[in-house]
Amino acid sequence: MIINGVSIDDTFAEAFGMRGTRVLITAQNLRWAYNAARAMTGFATSVIACGVEAGIERELSPEETPDGRPGVSILMFAMSSAVLMKQLETRLGQCVLTCPTAAAFSGIDDGYPEITKINLGKNLRFFGDGFQTSKVFNGKRYWRVPVMDGEFMTEESTGMIRSVGGGNFLILAESQPQALAACEAAIDAMSKVPNVIMPFPGGVVRSGSKVGSKYKSLIASTNDAFCPTLKGITKTELSPEIESVMEIVIDGLTDPDIRVAMRAGIAAACELGAKNGIKRISAGNYGGKLGPYHFKLREIMA
Amino acid sequence: MLIKLTGGRVYDPAHNIDGRVMDIYVRDGRIVERPNDAETIDQEYDLRGKVVMAGAIDMHTHIGGGKVNIARLMLPEDHRASPAVHTDACRSGCGHAAPSTLTTGYRYAEMGYTAGFEPALSPVNARQSHLEMCDTPIIDKGGYAMIGSDDFFLRMLAAKQDQNAINDYVAWILHASQAIGIKVVNPGGINAFKFNQRALNLDEENIHYKVTPREVLQSLTRAVYELGIAHPLHVHGNNLGVPGNVETTLKTMGAVEGYPVHLTHIQFHSYGTEGDRKFSSGAAAIAEALNKHKNVSADVGQILFGQTVTASGDNMRQFANSGHGSPRKSVLMDIECDSGCGVVPFKYKDQNFVNALQWAIGLEIFLLTEDPWRIFLTTDHPNGAPFTSYPHLIRLLMDKSFRNDMFAKLNLDAQAMSTLSGIEREYSLYEIAIMTRAGAAKLVGLHDRGHLGVGAGADITVYTDNADREAMFAKPDYVFKDGQLVVRNGQVVKVTWGSTHTVKPEFDRGIEKDLKKYFDTYHTMNMENFKVSAAELEEDGRGHVIVQESKGRREKTA
Amino acid sequence: MPDQGMDLEELNSFRMENMTQSTNFPAGTIEAVAFPGEGLLSDDLVISRDSDGNLALQNQACSKTTAFFERPRTPSSPQIAGKPTELGAAIAKVVELFSQSRHPLISGLATDVYGMRAVMNLAETAGATIDHMNSKSSMKNLLVIQNSGWYVTTLSEVKNRVDLLLVIGTDVVSYFPRFFDRVIWNKEAMFTDNTDAREIVYLGGRDLNTAPGTSPSGRKPDVLPCDLDRIPEVLAALRAIISGKPFLATEVAGIATADLEKLAERLKAAKYSVIAWTGSALDFPHAELSIQTITGIVEHLNKTTRSAGLPLSGNDGDVTAYNVSTWISGYPFRSSYRRGYPDYDPYHYETSALLAEGEVDALIWINSFNPERVPPASKTPTVVIGHPAMQFEQPPAVFIPIAIPGLEASGAQFRSDSSVTLPLKKLRATELPTLGDVLSAIEAALKAA
Amino acid sequence: MSALTFTLKQAIQQRVDVSALTPDNLAGKSLSDIAAIPLDSGRLKLRVDSLFDISGDNAEEIVFNNASGKLDYIGSKMKSGRITVNGGAGSYLGFQMRKGEIVLNGNADAYTASGMAGGLLHVHGNVGDFLAAAIPGDRKGMKGGIVLITGNAGERAGDQMRRGIILIEGNVGSYCASRMLAGTIGVLGSVGDYVGYGMRRGTLLLTQPPKLHATLQDCGTHTLPFLSLMFKSFSNLPSKFAAINKNRVQRFAGDIANDGKGEILVFK
């Protein structure tokens, strides 16, 4: 398959089951909603070292938020519910409780076959040292914790669902600036897709990895088959004209969400086309042995 | 009228009768000899295949007096859920945790009980206790006068008055309060709490009187013995409910120096401090000590799960516990330089570690104590559970697999701390009859109750044998009270008024000189009005006063 | 020799045979008599009796006591619509009223234990609702017992232990004239060498008679006056201060916060403080909430020292009435048997409300002690069973005079603190039946009807 | 199917306990069964058909017509369905109600919504004392659900209230929110003396400055974001509160005599 001169590999992205949740963060204005959201989703690129993968899903208008203030929604994913709950609580406590005017609400209440209630601000309330109060509206409990700027408000719990992490595709280009330009185009397009995040910096990861290492203590190491500077000394996957490879990793609430995002991203990259140095789209997998989700590039782009 | 009860299987431990098929004859409220053949039998009950026992006796049940009525007063929410509707035979009432007096009498009779003894009759409040008990139909009753924290007695001890004077005071109290025994609650502790002492150990002095609980116990066990009263001193020990109180209880057994003593609701006094939660079963040590000390008897005070109310004279401990109450309310009182009281509603939960272990501890004590003549079946109504749960408790004792099924539902940490499931013992019908009839009558000093011998009051309960002992004991076929059929198929069919059992030992009335002076100086009532007369109990046709024999002075101290 | 009167057994058997209790009571002196109409139930009275049965109080007591015992006897007979009649006819008329009633009320209930037993029996048989003439005041206390409970004490404990008495909104003596003489300024006490040193503080109320609070040596009590309806606020402030809460106001209802803070310190320093009140004096709506604030103060003080409340009540047998009602039905007054089982609703089963909305259609008003306590005016057919000296502006449908417990009938009465019940003596002969006699006869006739 | 309708035949003198006439209790019962249900009134037990004309067949929808303040316990313990009352209701309207809806067109007596745990109770009229309070002995009043009152409420409204929302468009008597444990009460009109006496927790929202006693203390004026959330949640309710969108309030906290974590919020 070739789109606008870009060849689409007959391969698939291999993805894993994760636990995902959504949190709505509001504040007096968008600036402070973003401040809280960015802090909360910072250092959350990969579960390997960060515990969770998290990112900002989208901006929310005042009409869309429970308290009528502007806000953003964030998504957060982890390999187990225990880790997700722990990370959610820690991050909420350090990044939203602390952030002036910010409040946090559940982002998943219905629409999925199986939703598990998990603590959002339930335990953070104890920061109130007995002065905290709760309110129940429409069957949902909210906590009000007195803090120095007024009150920190947080919903007691949010919803957790079974979701998917590790969707991905690779952009292979003739130069580093061209690869990056394609990634930017892809990320711009994918940011409009709901229910997904691209957790790496700017949505893009350059350090694609393979399983294992010559060093016994490392479980992963650089994906030398896609490193352009090693073309001559390793068993390469790259043709001679490829000078730079970048990857976009996608976590989504469901499998179709990831498909939609991948299609939008790949299409945007391909739009730049071969004339802008974009040569190939590929994807990372482990031979289909590890992840239950296989996103076949050609199927997605068909 | 001559009644014949024909062919029942009789359990009468007082006469070593263990399931013998025999006939019983009743005339004018008493069990009589087999009449000659010429005499007409006016009424005959065919009891072939049925189990026959004397009417059961609850030797420790809070059924009348200030704190019981406070418990009733403060629990409208509990009554609302259990209205007792008017029937042809019975007036209406209410009752679950703290039933109304009428309902109390009916419910006891319906379980085959024909007597119950109020164990904490505060002498200053004795008139009220008796008025309430006289409004408790069918069953016989009586009370143990509660002293030991009263200022008159503590002044005597502090002044080192001789044992004779103490004996006279104890006897006077028995007369004045129309009681059949003497009880001490948290010996000296209720008084110490009025001086802001928050705990009192066996050898700790009351800060005002410089008297220790040990001294209180020694003088009172001895007084009761020397006065020849059948019922040994009834002791609610120090440190009720406190983890580690098993040590206090073991020491208390030793403190009485061989005089007879009865340790009540011993379950609440059998706690160790082992394990992560510093709360463990002391049942094995308690049972071992009970097996060894033949002068000591005990009732268990079993807890059973559900809502109840705790009512005690021990306001020192009840004050400490009041924060654990459910629903969260409590009435506490200091009373008349005489005693105190504390009423705290409580809900025992099988998933609560402490409650579950309390349940197991009670049963362990029942099952590890060898002599059924010295261990008694109580829930300390309503403190551990309402008395209406006795059939369930009997089944727990008689049915190991049932008991183990219940055990398996408990809080898991509590299960891990208990040896209960390893205990094989099952009580026999004969042993149940000892515990709830013959033994109880002997302990309380009821010479004509608790057995089926000729001359006994015809208080008789007839059951249909049933492997489900709870069902069996919950619904007797017949209950006779003083020879009258009062219950048929577990329903009251006739309401009578039982009697009040008392004991009236001899004493030197010279004690009244001191008492009169004390009353006139310090009290707010006249000594003459403090004394309750038998006639008052018989007012309104509410039964009679029976004076049980006391053996007369024993080894009167020089 | 003091005359103990007829012994109870004798009296009882006599009563069974005869609806009246007349017998011989020779002239003499009777000791240890209690005044049954008042909650303190002081039983130190000595009464002389002449051969005609006229009584004279030999003690210095109070005017109410004197009036009770020395009231001249006037002939009295049952009446129907103000016209004298026979007892049997009067009872028949009551039975007629009650058997037709859809919702009968038995109220007043100024009687003793034996009278209340008969009340409960009749109420059950008649499906009646019961209330007491003083329930407006005593219910305030009962609602606190049923909601949070409390820590309270009794008269002899006060007499021997109190070192600081705090009185809320009352002078006490208006209701219990002998209170200070009996339990505060007693010469000897077990745990105080010098009762004269007892501290007295009056908090709330205006123009109280605080003279009885002056110690025998002339030390004046402390008085912190305020309008009665500001007592809830003053108590709340005191409780907040005692609990260590930052309290901002500098004065409350005219009382300086500094004075309340001083009082809080004294309460904390006292070894056995007693906070007393009377339900009747706290005569403002929802006073149970103020009483609950008092009990909250006591609860806090008991964390470090000893303190207790002293609810003073029991006039006209109200403590007796709620105790007997409670042991027989589970509930105090303002309960009902109308449903066939006891049912409790202190808001709705209140005499004046029941009469005003026409919920009840027959009333028995029982009043043994104070002839002035007539039933509330209403259109409801009313039976009065009570003191022979009762006078009516509008004659009730039926009036049945009875023997007064503690005067002309034996009995038993609860004291204010509910812990002590005293025997009441029959002091002289009467032709009149007891309340129990009358109610039992009504009940028997109702059952037969 | 038409609403199961009970029309009171004539004015009655004694109160009647109609707790038996709820959708849950009447589901599947024939009209003749319903007619024979005994109702407590005074000391009598009266058949339903001696008091009411009965029509209709849908027990999910019950209507009381010609109803009066003598009908106690309407909708008691109801778990489903809807009851419409035209005329008036006695005491204990919606007593321990769990789910469903009650609409009263008229006034109700005391203890409306006492022990209510869920559902919607809408009174187009006034209610008496002890709205949403606990009955004596109980330690908790209303435990959940929504109560809307277009008129006034009596004294002790919300006493010991534990959870839920009460919105009163008229005035409220003295001791409003006494001993309140949690939950929210809004009042558009005035409140009487001793508002929040013994209040432990919970929110009382007022539009007019109340007379406060000394242990309710000023915490200043604030913009509280949770109010926006709250009013947004009210936006679909048939109440004047639905139109409010303000979050600037003066906050008084107390009653510090009794724990003191409650708040009285007064619109600025």
Side-chain angles (χ1 to χ4, degrees), chain B residues 64 66 68-70 72-76 79-80 83-86 91-95 98-102 122 124-125 127-128 131-132 135 151 193-196 208 319 322 328-338 343 521-526 528-529 533-536 538-541, chain C residues 7-9 12 16 31-32 34 42-44 113-114 117 121 124 142 145-157 159-161 182-183 188-191 271-272 302 305-306 308 322-323 326-332 337 340-344 410 412 414 418-423 436:
Chain B
V68 184
N69 218 33
I70 290 168
R72 292 186 188 106
L73 182 61
M74 73 192 283
L75 295 174
H79 307 324
R80 254 180 232 129
V85 179
H86 179 100
R91 289 188 185 268
S92 61
C94 71
S100 53
T101 52
L102 302 174
S122 169
V124 78
N125 184 247
R127 184 168 284 105
Q128 179 184 355
L131 285 166
E132 289 182 33
D135 275 341
D151 289 290
F193 186 49
K194 295 172 185 173
F195 294 103
N196 204 24
H208 179 79
F319 177 81
S322 57
R328 184 75 187 277
K329 50 182 165 181
S330 59
V331 169
L332 294 144
M333 291 183 77
D334 298 325
I335 298 174
E336 286 300 274
C337 301
D338 184 77
V343 184
T521 311
Y522 299 120
H523 251 280
T524 47
M525 68 195 282
N526 191 290
E528 291 302 328
N529 288 336
S533 74
E536 289 178 79
E538 293 166 357
E539 179 84 4
D540 277 353
Chain C
D7 98 353
L8 284 167
E9 192 168 1
N12 196 40
M16 297 226 186
E31 290 182 353
S42 306
D43 67 347
D44 57 347
V113 171
Y114 302 137
R117 279 175 166 165
N121 284 347
E124 210 237 8
L142 299 179
I145 294 177
Q146 293 174 339
N147 189 262
S148 57
W150 58 18
Y151 203 122
V152 293
T153 191
T154 64
L155 296 178
S156 294
E157 295 288 356
K159 181 176 178 178
N160 289 290
R161 278 180 204 279
R182 296 269 296 162
V183 303
E188 288 181 76
M190 272 191 272
F191 315 114
K271 288 205 166 83
Y272 198 89
N302 273 318
T305 181
R306 287 307 324 276
Y322 79 67
N323 268 293
T326 298
W327 80 59
I328 288 178
S329 76
Y331 303 115
Y337 281 104
Y341 55 84
D343 165 32
Y344 176 55
S410 59
F414 276 74
S418 174
S419 293
V420 173
T421 316
L422 293 180

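Computed from a predicted model, the values in this text were never measured in an experiment. Chain identifiers are assigned alphabetically (A, B, ...) following the order of the sequence lines, protein sequences preceding nucleic acid strands; residue numbering begins at 1 within each chain.
Here the closest non-hydrogen pair linking C/G340 and B/S92 is O-CB, 3.4 Å. Residue C/I145 comes nearest to B/K329 through the heavy atom pair O-CD, 4.3 Å, listed as atom of the first residue, atom of the second, then distance. Of all heavy-atom pairs spanning C/G330 and B/S100, the tightest one is N-CB, 4.0 Å. Across every non-hydrogen atom of C/N323 and B/Q128, the tightest pair is OD1-NE2, 3.6 Å. Counting all heavy atoms, side chain and backbone alike, C/R117 lies closest to B/L131 at NH2-O, 3.1 Å. Contact record, B/E536 with C/P423: OE1-CB, 3.9 Å, taken as the closest heavy-atom pair.
Interatomic distance, B/N529 CG to C/E31 CD, rounded to the nearest 0.5 Å: 11.0 Å. Atoms CZ and CZ, on B/F195 and C/F191 in that order, are 4.0 Å from each other to the nearest 0.5 Å. Atoms OG and CZ, on C/S329 and B/R72 in that order, are 10.0 Å from each other to the nearest 0.5 Å. Once rounded to the nearest 0.5 Å, the distance linking OG of C/S419 with CD1 of B/I70 reads 6.5 Å. Rounded to the nearest 0.5 Å, atoms OH (C/Y272) and NZ (B/K194) are 7.0 Å apart. Atoms CG and OG1, on C/N160 and B/T521 in that order, are 9.5 Å from each other to the nearest 0.5 Å.
Among the candidates B/V343, B/N196, B/D338, the residue making the largest number of heavy-atom pairs closer than 4.5 Å to chain C is B/N196. In terms of heavy-atom pairs under 4.5 Å with chain C, the best-connected choice from B/H86, B/M74, B/E132, B/H523 is B/E132. In terms of heavy-atom pairs under 4.5 Å with chain C, the best-connected choice from B/R328, B/M333, B/R91, B/H208 is B/R91. The residue among C/V183, C/I328, C/L142 with the most heavy atom pairs within less than 4.5 Å of chain B is C/I328. With chain B as partner, the option from C/V113, C/T153, C/D44, C/T305 having the largest number of non-hydrogen pairs under 4.5 angstrom is C/T305. For the set C/Y337, C/Y344, C/W150, C/Y322, the entry with the most heavy-atom pairs within less than 4.5 Å of chain B is C/W150. When the candidates B/G66, B/P83, B/G93, B/P76 are compared by the number of heavy-atom contacts under 4.5 Å with chain C, B/P76 comes out ahead.
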Report task. With side-chain hydrogen bond (donor to acceptor under 3.5 Å, both in side chains) as the test, would you mind laying out the steps for C/D43 and B/N526 before giving the verdict? Result -> CA-CA 6 Å; C/D43 67 347; B/N526 191 290; 5.4 Å; no
Query raised in the report: Please walk me through it: do C/Y331 and B/H79 pass ring-ring contact (aromatic ring centres under 6.0 Å, His included)?
Result: CA-CA 8 Å; C/Y331 303 115; B/H79 307 324; 5.3 Å; yes
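The cationic group of C/R306 lies under 6.0 Å from the six-membered ring centre of B/F193 and within 45° of the ring axis, placing it in a cation-pi geometry.
With a threshold of 4.5 angstrom between heavy atoms, C/V152 approaches chain B through its backbone and through its side chain. Contact of C/A32 with chain B is made through backbone and side chain together, with heavy-atom distances under 4.5 Å. For C/N121, the parts sitting under 4.5 Å from any heavy atom of chain B are the backbone and the side chain alike. Residue contact with chain B, scored on non-hydrogen atoms closer than 4.5 Å, is absent for C/K271.
Not one N or O on the side chain of C/T326 forms a donor-acceptor pair closer than 3.5 Å with the backbone of B/L73. In this structure, C/S156 contributes its side chain and B/T524 its backbone to a donor-acceptor pair below 3.5 Å.
Side-chain contact of B/E336 with C/T154: a donor-acceptor pair under 3.5 Å is present, judged by distance alone.
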